[in-house]
2 protein chains.
Amino acid sequence: MSDAESPLIDDLEHELRAEGVRITRQRVAILSALANSGDHPSAEEILERSRKQDSSVSLATVYRTLSILVDRGTVLRNEFDGTGARFELANKPHHDHLIDVDTGDVIEFTSPRIEELQAEIARELGYDIVDHRLELYGKLRTRD
Amino acid sequence: MSDAESPLIDDLEHELRAEGVRITRQRVAILSALANSGDHPSAEEILERSRKQDSSVSLATVYRTLSILVDRGTVLRNEFDGTGARFELANKPHHDHLIDVDTGDVIEFTSPRIEELQAEIARELGYDIVDHRLELYGKLRTRD
DNA sequence: AATGCTCTTGCGAATTATTTGCAATAAGAA
DNA sequence: TTCTTATTGCAAATAATTCGCAAGAGCATT
Ligand SMILES: [Mn+2]
Ligand SMILES: [Mn+2]
Ligand SMILES: [Zn+2]
Ligand SMILES: [Zn+2]
């Protein structure tokens with residue numbers, strides 16, 4: 001039972017180190033928590049998950065680390081309706097979200113057409129898009 | 001120099017009264033502030049603006065009144081990046097927003113195509129859209 | 001116009017999510 | 001191992017919004 005980390009985390013560590021960011025136990029735990037999350041955890045959830053690997057992690061460090069990772073573009077911060085930011089690793093292609101208003105489930109989707117239209121609209125208004133947020137809030141269609 | 005209110009505010013007052021909502025000086029001041037705002041003011045800004053008409057308005061009442069109006073669908077609450085919610089009367093057709101990241105300016109736009117595509121995407125995923133949020137963050141294109 | 005029931009208000013305290021100051025601790029270069 | 005300095009945990013500070021409560025004010029009724 002070695003302590004080998006996933007290649008993903010290994011890569012991230014190297015990138016961070018290359019930028020002079022120290023690799024601490026806490027940061028590795030937080031990165032692991034994110035890497036092993038298929039969902040969109042809140043800071044509190046990331047705290048819980050990373051504590052399974054390093055019980056010394058504190059909430060302040062979770063926030064500080066997320067802040068660094070978001071600034072680097074390693075992590076995405078989402079602010080869905082309701083409360084608190086939700087995070088995810090930025091290692092997958094761009095996508096937007098559909099939130100199930102009944103269950104809170106978050107479904108990812110992509111629409112090249114919408115992305116194009118957004119750029120077009122911005123262009124017509126004289127702008128270049130630097131970021132955007134598209135969230136659909138829906139209810140599961142029932143076949144009554 | 002009469003005290004006549006705009007027909008818009010007059011209508012809103014009647015609707016509210018019909019629902020058993022009492023028309024107070026503060027509420028009229030807040031509604032006026034909203035009706036006279038072409039932009040997307042924050043709660044603090046609405047406080048300042050409504051105080052010009054009724055200096056007794058408090059921030060708690062601004063929030064409480066906005067809450068009622070949002071629940072009724074009279075007012076829309078936007079949560080753009082940065083801090084604090086921004087409000088606007090819901091008396092115009094649906095639109096989304098482009099935020100100038102340099103100046104903070106908020107530009108409104110509509111795209112029937114994007115609206116359609118959103119519904120289509122949700123449908124494919126088995127959902128009916130109950131709400132959505134589309135915000136573009138952009139920089140004014142310069143012709144250097 | 002006066003009455004009274006009930007909603008609404010202002011104020012300050014409470015909440016929630018996130019940030020920050022600071023002394024103790026630990027990365028990583030030498 | 002030593003040394004420098006970034007990082008950490010903790011608690012206190014912020015920022016936006018909500019809440020409890022006693023005082024005040026709509027408005028239906030007389
Ligand atoms: Mn996602
Ligand atoms: Mn608008
Ligand atoms: Zn997108
Ligand atoms: Zn829209």
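Please read these numbers as outputs of a predicted model, since none were measured by experiment.
For B:Ser56, no side-chain nitrogen or oxygen approaches OP1 or OP2 of C:dT9 to under 4.0 Å. Residue A:Thr61 has no polar side-chain atom (N or O) positioned under 4.0 Å from OP1 or OP2 of D:dT7. Close to C:dT19, at under 4.0 Å from its OP1 or OP2, lies no side-chain N or O of A:Tyr63.
Checked by atom type, the side-chain pair A:Glu135/A:His97 shows no donor-acceptor distance below 3.5 Å. There is a side-chain donor-acceptor pair under 3.5 Å between A:Arg72 and A:Thr74. Counted by atom type alone, B:Gln53 and B:Ser32 present one or more donor-acceptor pairs between their side chains at under 3.5 Å.
Atom C1' of nucleotide D:dT7 and atom CG of A:Leu16 are separated by 14 Å, given to the nearest angstrom. A:Leu59 places its CG atom 16 Å from the C1' atom of D:dT7, with the value rounded to the nearest Å. Taking atom CD of residue A:Glu44 and atom C1' of nucleotide C:dT15, one finds them 14 Å apart after rounding to whole Å. B:Leu47 places its CG atom 15 Å from the P atom of D:dT18, with the value rounded to the nearest Å. Here D:dA16 presents its P atom at 14 Å from CD1 of B:Ile46, a figure rounded to the nearest Å. When rounded to the nearest whole Å, the span between CG of B:Leu66 and C1' of C:dT8 equals 15 Å. Going from atom CD of A:Glu13 over to atom P of C:dA27 covers 12 Å, rounded to whole Å.
The end-to-end axis angle of the helix from C:dA1-D:dT30 to C:dA30-D:dT1, rounded to 10 degrees and based on five pairs per end, is 30°.
Looking at B:Arg27 and B:Asp54, no side-chain N of the basic residue comes within less than 4.0 Å of a carboxylate O on the acidic one, giving no salt bridge. B:Asp81 and A:Arg133 are joined by a salt bridge, as a carboxylate oxygen and a charged side-chain nitrogen come within less than 4.0 angstrom of each other. Ionic pairing of A:Arg49 and A:Asp39 is present here: one or more N-O contacts between side-chain nitrogen and carboxylate oxygen are shorter than 4.0 angstrom.
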Quick tally for nucleotides 23-30 of chain D: nucleotides whose base has a protein heavy atom under 4.0 Å get B, sugar-phosphate-only ones S, the rest -, giving --BBS---

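Looking at B:Leu8 and B:Asn91, their side chains come closer than 4.5 Å, going by heavy atoms from C-beta outward. Between A:Lys139 and A:Asp102, the closest side-chain pair of non-hydrogen atoms falls below 4.5 Å.
A donor-acceptor pair is defined here as one N or O able to donate and one able to accept, closer than 3.5 Å; no such pair exists between the side chain of B:Glu48 and the backbone of B:Glu45. Remark: side-chain polar atoms of B:Ser37 are paired, donor with acceptor, to backbone N or O of B:Ala33 under 3.5 angstrom. Using modelled atom types, one side-chain atom of B:Thr103 and one backbone atom of B:Asp105 make a donor-acceptor pair closer than 3.5 Å.
Among A:Glu88, A:Arg86, A:His40, the single residue meeting the side chain to side chain donor-acceptor pair (under 3.5 Å) criterion with A:Asn78 is A:Glu88.
Between A:Ile68 and A:Arg51, the residue whose closest nucleotide on DNA chain D is further toward the 5' end is A:Ile68.
Nucleic acid contact class of B:Arg64 (heavy atoms, under 4.0 Å, all strands): base.
Non-hydrogen atoms lying under 4.0 Å from DNA chain C are contributed by nothing in residues 73-87 of chain B.
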